[in-house]
Participant: 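Would you mind keeping the following structure in view while I ask a few things?
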Amino acid sequence: MICWLKPRDENMKKLIVGNWKMNGSAALLHDMIMGLVDFNVKNVDVVICPPYPYITMAAAMMCADKISVGAQDCSIHESGAYTGEVSVEMLRDCGAKYVIVGHSERRQYHNETNEMVKQKAMLVFASGMTPIICVGETQSEKESGQTLSVIEKQVRESVFVAPGVVVAYEPIWAIGTGLVATVDDVKTVHAHIATVLGSMGLSDTKILYGGSVKGSNASEILETENVQGVLVGGASLRIDDFVPIIDAVK
Ligand code: PGA
């Protein structure tokens with residue numbers, strides 16, 4: 001049987017997402033807004049994901065048409081007796097437009113499974129926000145040649161099939177380590193993710209790369225086939241580091 005897969009549109013608008021993790025302050029938010037206010041972001045979507053307490057402030061201060069605000073996680077529950085958790089409805093009320101789900105730090109420190117990630121992505125989507133669904137292999141999985149099979153399983157099991165969802169490939173060994181996947185690695189893994197997503201009917205899904213992205217490597221990564229943006233951790237914490245990454249979008 002011949003299976004026809006819709007080709008991907010390589011001209012999708014790029015997406016740059018800053019994940020502050022448990023860093024930042026009201027002062028950093030102020031600096032970011034000052035730094036981005038006059039910035040020309042017409043050919044790129046920029047999202048800042050600060051910790052929960054700053055989301056409302058960030059959404060009120062960011063020019064909504066230029067910079068969006070996202071959350072780094074959400075509860076798997078819609079509401080109820082879940083002390084300390086934050087629901088998707090609350091995030092939407094606070095002005096979040098995107099929610100990162102399944103970041104490797106959530107998978108590692110909070111034992112989040114693919115099924116849980118998919119459930120969260122579904123709730124995010126159902127509340128009218130965009131889930132950014134993270135996948136990535138460990139160092140040992142990479143060394144034992146399992147990268148593509150691990151990633152494929154994560155994509156098939158974690159991605160909620162719906163228009164507009166975003167997938168982020170973040171090799172765990174490259175997060176916060178200064179190690180960056182080679183362009184060939186990024187190309188191979190992203191091509192595989194694109195094929196898997198295509199077979200799930202998600203040919204228009206943006207695929208971001210994340211892991212030690214900085215101004216000096218951003219353009220090479222952003223120009224790689226099947227890369228529609230980047231998810232940035234450390235380098236999103238200083239305006240002087242973040243702006244060159246946005247600038248790298250051609
Ligand atoms: P990093 O983090 O850019 O500091 O490596 C990326 C991420 O964890 O999203």
Side-chain angles (χ1 to χ4, degrees), residues 3-10 12 14-15 17 19 47 49 70 72-74 76 98-108 110-126 129-175 180-211 213 221-222 224-233:
C3 180
W4 185 81
L5 295 180
K6 188 169 167 250
R8 284 176 66 77
D9 172 9
E10 275 303 311
M12 281 186 255
K14 300 276 199 236
L15 176 63
V17 183
N19 172 16
V47 182
C49 300
Q72 301 169 16
D73 184 41
C74 62
I76 199 167
Y98 292 77
V99 182
I100 298 171
V101 291
H103 189 281
S104 63
E105 287 150 16
R106 299 294 314 173
R107 291 177 185 261
Q108 187 183 346
H110 301 272
N111 303 318
E112 293 194 4
T113 61
N114 290 337
E115 294 67 33
M116 292 162 78
V117 173
K118 185 174 181 176
Q119 172 71 12
K120 288 186 177 191
M122 192 267 285
L123 288 175
V124 172
F125 181 80
M129 298 181 290
T130 300
I132 301 172
I133 304 154
C134 301
V135 296
E137 83 284 10
T138 63
Q139 177 85 45
S140 65
E141 288 164 342
K142 176 181 166 58
E143 281 164 7
S144 56
Q146 296 177 71
T147 300
L148 296 186
S149 57
V150 167
I151 299 299
E152 175 161 354
K153 183 170 163 54
Q154 288 182 349
V155 170
R156 291 204 183 278
E157 294 180 1
S158 319
V159 173
F160 176 68
V161 177
V165 301
V166 174
V167 170
Y169 168 55
E170 296 205 298
I172 296 170
W173 49 269
I175 295 177
V180 189
T182 63
V183 168
D184 279 349
D185 281 345
V186 176
K187 209 171 173 175
T188 305
V189 178
H190 277 238
H192 193 64
I193 295 174
T195 304
V196 174
L197 289 172
S199 74
M200 295 165 72
L202 292 173
S203 317
D204 295 328
T205 298
K206 289 183 186 179
I207 310 170
L208 315 185
Y209 170 79
V213 174
I221 293 168
L222 285 162
T224 305
E225 224 175 299
N226 294 309
V227 174
Q228 281 78 40
V230 286
L231 178 51
V232 186

Participant: Any side-chain heavy atom of Lys120 sitting closer than 4.5 Å to one from Leu123?
Facilitator: no
Participant: Is there a side-chain contact between Val180 and Tyr209, using heavy atoms and a 4.5 Å cut-off?
Facilitator: yes
Participant: Which heavy atom of Ser203 sits nearest a heavy atom of Gly198, and at what distance?
Facilitator: OG-CA, 4.1 Å
Participant: Nearest 0.5 Å, please: how far is CD in Glu137 from CH2 in Trp173?
Facilitator: 6.5 Å
Participant: Counting N and O atoms only, with roles assigned by atom type, does the side chain of Lys14 sit under 3.5 Å from a partner on the main chain of Val227, one being a donor and the other an acceptor?
Facilitator: yes
Participant: To the nearest 0.5 Å, what is the distance between OG1 on Thr147 and NE2 on His192?
Facilitator: 10.5 Å
Participant: Kindly compute the distance separating CG (Leu231) from SG (Cys134), expressed to the nearest 0.5 Å.
Facilitator: 5.5 Å
Participant: Can Ile133 and Val166 be said to form a side chain to side chain contact (heavy atoms under 4.5 Å, CB included), step by step?
Facilitator: CA-CA 6 Å; Ile133 304 154; Val166 174; over 6 Å; no
Participant: Taking all non-hydrogen atoms of both residues into account, name the closest pair between Ile175 and Ser104 and its distance.
Facilitator: CD1-OG, 3.3 Å
Participant: State, to 0.1 Å, how close Ala162 and Leu202 come at their nearest heavy-atom pair, and which atoms those are.
Facilitator: O-CD2, 3.6 Å
Participant: Under 30°, 30 to 60°, or over 60°: which ring-plane class applies to His190 and Tyr169, parallel, tilted or perpendicular?
Facilitator: perpendicular
Participant: Hey, could you give me the CD/CZ distance between Glu170 and Arg107, rounded to the nearest 0.5 Å?
Facilitator: 10.5 Å
Participant: Can you run down the salt bridge (charged side-chain N to carboxylate O under 4.0 Å, His left out) pairs that involve residues 143-160, sequence neighbours left out, and say none if there aren't any?
Facilitator: Glu152-Arg156, Lys153-Glu157
Participant: About how many Å separate CE of Met116 and CD1 of Ile76, when rounded to the nearest 0.5 Å?
Facilitator: 4.5 Å
Participant: Could you list the residues that satisfy side-chain hydrogen bond (donor to acceptor under 3.5 Å, both in side chains) with Glu141, not counting sequence neighbours?
Facilitator: Thr138
Participant: I'd like to know if the side chain of His110 and the backbone of Glu112 have a donor-acceptor N/O pair within less than 3.5 Å.
Facilitator: no
Participant: If the condition is salt bridge (Lys or Arg N to Asp or Glu O under 4.0 Å), which residues does Lys187 pass it with, not counting sequence neighbours?
Facilitator: none
Participant: With side chains defined as the heavy atoms from C-beta onward, is the minimum distance between Val99 and Thr130 less than 4.5 Å?
Facilitator: no
Participant: Looking only at non-hydrogen atoms, find the nearest pair between Cys74 and Val101 and report the distance.
Facilitator: SG-CG1, 4.2 Å
Participant: State, to 0.1 Å, how close Pro163 and Phe125 come at their nearest heavy-atom pair, and which atoms those are.
Facilitator: O-CE1, 3.3 Å
Participant: To the nearest 0.5 Å, what is the distance between CG (Leu15) and CG (Leu222)?
Facilitator: 10.5 Å
Participant: Please identify which of these residues, Leu208, Ile221, Val17, meets the side chain to side chain contact (heavy atoms under 4.5 Å, CB included) condition with Val230.
Facilitator: Ile221
Participant: Measure from the side-chain N and O atoms of Gln72 to the backbone N and O of Cys49, and report whether any donor-acceptor pair falls under 3.5 Å.
Facilitator: yes
Participant: Does the side chain to side chain contact (heavy atoms under 4.5 Å, CB included) test come out yes or no for Lys142 and Asp185, once each step is laid out?
Facilitator: CA-CA 11 Å; Lys142 176 181 166 58; Asp185 281 345; 3.3 Å; yes
Participant: Of the non-hydrogen atoms in Pro171 and Gly210, which two are nearest, and what is the gap between them?
Facilitator: CD-O, 3.3 Å
Participant: Under 4.5 Å between any side-chain heavy atoms of Asn226 and Ile193, yes or no?
Facilitator: no
